[in-house]
Novice: 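Submitted below is the structure of interest, expressed as structure tokens.
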2 protein chains.
Amino acid sequence: MTEKRATPKLPKPGVPVRGSKSGQPIMVLFDLIGRRWSMGVLWNLSDGNRTFRDLQERCGSASPSVLNTRLKELRAAGLIYNADNGYALTEDGRQLFDRLEPLGDWAMDWVEKLR
Amino acid sequence: MTEKRATPKLPKPGVPVRGSKSGQPIMVLFDLIGRRWSMGVLWNLSDGNRTFRDLQERCGSASPSVLNTRLKELRAAGLIYNADNGYALTEDGRQLFDRLEPLGDWAMDWVEKLR
DNA sequence: ATACATTGCTACGTTTTTAGTAGCAAGTGA
DNA sequence: TCACTTGCTACTAAAAACGTAGCAATGTAT
């Protein structure tokens, strides 16, 4: 970096999430879903209820303890709930998934391009 | 019980992409961006180049070593690159951000609803 | 030039999180 | 009853992240 280093103006206040003061919504969300298997769980619940074991199988190396932690977090966040036959997306969870879904198609192109 | 436990280390066959054993593109992507600060970095690069320090400030508690790791990963994945005055999104990175952006508005509603 | 500040980044010890496995209580069915 | 499945907890080892110090290169003020 050989240029002058003027600190750019921040149009958006930068925000730490975890140990910090101002919880910018997107960062709060990233802090929740930016953990192992969080998005994978949402993804795998999108086409129907899944039991704990289902989710374990679909989230390959997720150990039961971690999976359980993720499920509790997502439930506390109101994104999933305990249905009779397993876990399911809430309304909010469905809405979030709808915004996650476009990543699927993009990921296919991207992975293919990497090879 | 603190007995010795066998550690068979079973090698399940599959595409070894970090923790993601399925090799499904979306899971490969989740494995990359589903880590601390990954999405935060992409988000904060969306409106202009950022220096290492900029990103540190905006990702509050991210230590330099972790931030550096994330930057390397994202660069290896072709999502960001080293520009003259800091880091910047590549074409792919921009495309990914475009699909992440809707989460911002949704997160605002969601956080507000939680209160 | 000299001194000091800033930046990108690495090193490394500590703390937190995740992996990996065992196992148990409750439910199901034979 | 027994065998089997399911949801989940317990626990240790391994991996990841934190937090701080510090270094080389460059910028800047005197």
Side-chain angles (χ1 to χ4, degrees), chain A residues 1-8 14 16-21 27 30-41 44-45 49-76 80-88, chain B residues 1-14 16-22 27 30-41 44-45 49-76 80-88:
Chain A
M1 202 173 301
T2 51
E3 260 180 48
K4 175 165 192 222
R5 274 175 272 221
T7 309
V17 185
R18 263 191 103 115
S20 125
K21 343 83 215 274
M27 289 302 184
F30 283 165
D31 197 34
L32 174 70
I33 68 175
R35 288 176 185 248
R36 275 170 180 150
W37 312 117
S38 292
M39 291 188 285
V41 165
N44 282 304
L45 288 180
N49 297 12
R50 300 263 177 237
T51 65
F52 191 91
R53 297 270 162 148
D54 280 340
L55 290 170
Q56 265 191 291
E57 283 164 25
R58 283 153 193 276
C59 296
S61 67
S63 64
S65 51
V66 176
L67 182 56
N68 192 41
T69 302
R70 288 293 99 87
L71 291 170
K72 281 180 184 168
E73 290 166 358
L74 293 172
R75 200 172 49 176
I80 67 175
Y81 69 100
N82 265 324
D84 281 347
N85 52 339
Y87 292 89
Chain B
M1 312 309 188
T2 48
E3 314 250 334
K4 181 174 191 287
R5 223 161 250 150
T7 344
K9 194 117 182 141
L10 56 137
K12 281 184 184 172
V17 182
R18 278 218 284 219
S20 177
K21 293 198 167 125
S22 72
M27 288 304 183
F30 284 165
D31 199 32
L32 173 71
I33 67 175
R35 292 186 181 234
R36 272 165 195 162
W37 311 120
S38 292
M39 290 189 285
V41 165
N44 282 304
L45 288 180
N49 297 12
R50 300 271 176 230
T51 65
F52 191 91
R53 298 270 162 150
D54 280 340
L55 290 169
Q56 265 190 290
E57 284 164 25
R58 283 154 190 274
C59 295
S61 67
S63 64
S65 52
V66 177
L67 182 55
N68 192 42
T69 302
R70 289 293 100 86
L71 291 170
K72 280 180 184 168
E73 289 167 359
L74 293 172
R75 199 172 50 174
I80 67 175
Y81 69 101
N82 266 324
D84 281 348
N85 52 340
Y87 292 88

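Below, read A as the first sequence line, B as the second, and so on, with proteins coming before strands; counting in each chain starts at 1. These numbers were taken from a predicted model, which means no experiment stands behind them.
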Novice: Between A:Y87 and A:L74, is the side-chain contact (heavy atoms from CB on, under 4.5 Å) condition met? List the steps.
Specialist: CA-CA 11 Å; A:Y87 292 89; A:L74 293 172; over 6 Å; no

Novice: Please report the distance, rounded to the nearest Å, between CZ in A:R53 and C1' in D:dC4.
Specialist: 11 Å

Novice: Send over the distance from A:R50 CZ to D:dT6 P, rounded to a whole Å.
Specialist: 14 Å

Novice: Expressed in angstrom and rounded to an integer, what is the separation of A:N68 atom CG from C:dT21 atom C1'?
Specialist: 16 Å

Novice: What integer distance in Å separates A:N49:CG from D:dT6:P?
Specialist: 15 Å

Novice: Could you please name the option among C:dA19, C:dG8, D:dA17 that lies closest to any side-chain atom of A:V66?
Specialist: C:dA19

Novice: Examine C:dT7: is either OP1 or OP2 under 4.0 Å from a nitrogen or oxygen in the side chain of B:Y87? Give yes or no.
Specialist: no

Novice: Check the distance between C:dT7's P and B:D84's CG and give it to me in whole angstrom.
Specialist: 17 Å

Novice: Is B:R70 close enough to D:dA17 that one of its side-chain N or O atoms is under 4.0 Å from OP1 or OP2 there?
Specialist: yes

Novice: From CZ of B:F30 over to P of C:dT18, roughly how many Å is that when rounded to an integer?
Specialist: 17 Å

Novice: Using salt bridge (charged side-chain N to carboxylate O under 4.0 Å, His left out) as the criterion, list what pairs up with A:E57, not counting sequence neighbours.
Specialist: none

Novice: Establish, with yes or no, whether the OP1 or OP2 oxygen of D:dG7 is under 4.0 angstrom from a side-chain nitrogen or oxygen of A:T51.
Specialist: yes

Novice: Map A:D54 and B:A62 onto DNA chain D by nearest heavy atom, then report which one ends up closer to the 5' terminus.
Specialist: A:D54

Novice: Applying a 4.0 Å non-hydrogen cut-off, can you work out what B:S65 is touching in the nucleic acid: base, sugar-phosphate, or nothing?
Specialist: base

Novice: Of the nucleotides D:dA17, C:dA19, D:dA10, which one has an atom closest to the side chain of A:P64?
Specialist: D:dA10

Novice: Between B:N85 (CG) and C:dG8 (C1'), how many Å, whole number?
Specialist: 14 Å

Novice: Heavy atoms only, 4.0 Å cut-off, all strands: where does A:S63 land among base, sugar-phosphate and nothing?
Specialist: base

Novice: What is the distance from atom CG of B:L71 to atom CH2 of B:W37, rounded to the nearest 0.5 Å?
Specialist: 13.0 Å

Novice: Going by salt bridge (charged side-chain N to carboxylate O under 4.0 Å, His left out), name the residues that satisfy it together with A:R50, two or more places apart in sequence or in a different chain.
Specialist: A:D47

Novice: Check for a donor-acceptor pair, side chain of A:S38 on one end and backbone N or O of B:G34 on the other, with a separation under 3.5 Å.
Specialist: no

Novice: For A:K72 and D:dG7, is the shortest distance between a side-chain N/O and OP1 or OP2 below 4.0 Å?
Specialist: no

Novice: Please check the phosphate of D:dC18 (OP1 and OP2 only) for any side-chain N or O of B:W37 closer than 4.0 Å.
Specialist: yes

Novice: Using whole Å, what does the distance between atom P of nucleotide D:dC18 and atom CG of B:L67 come to?
Specialist: 10 Å

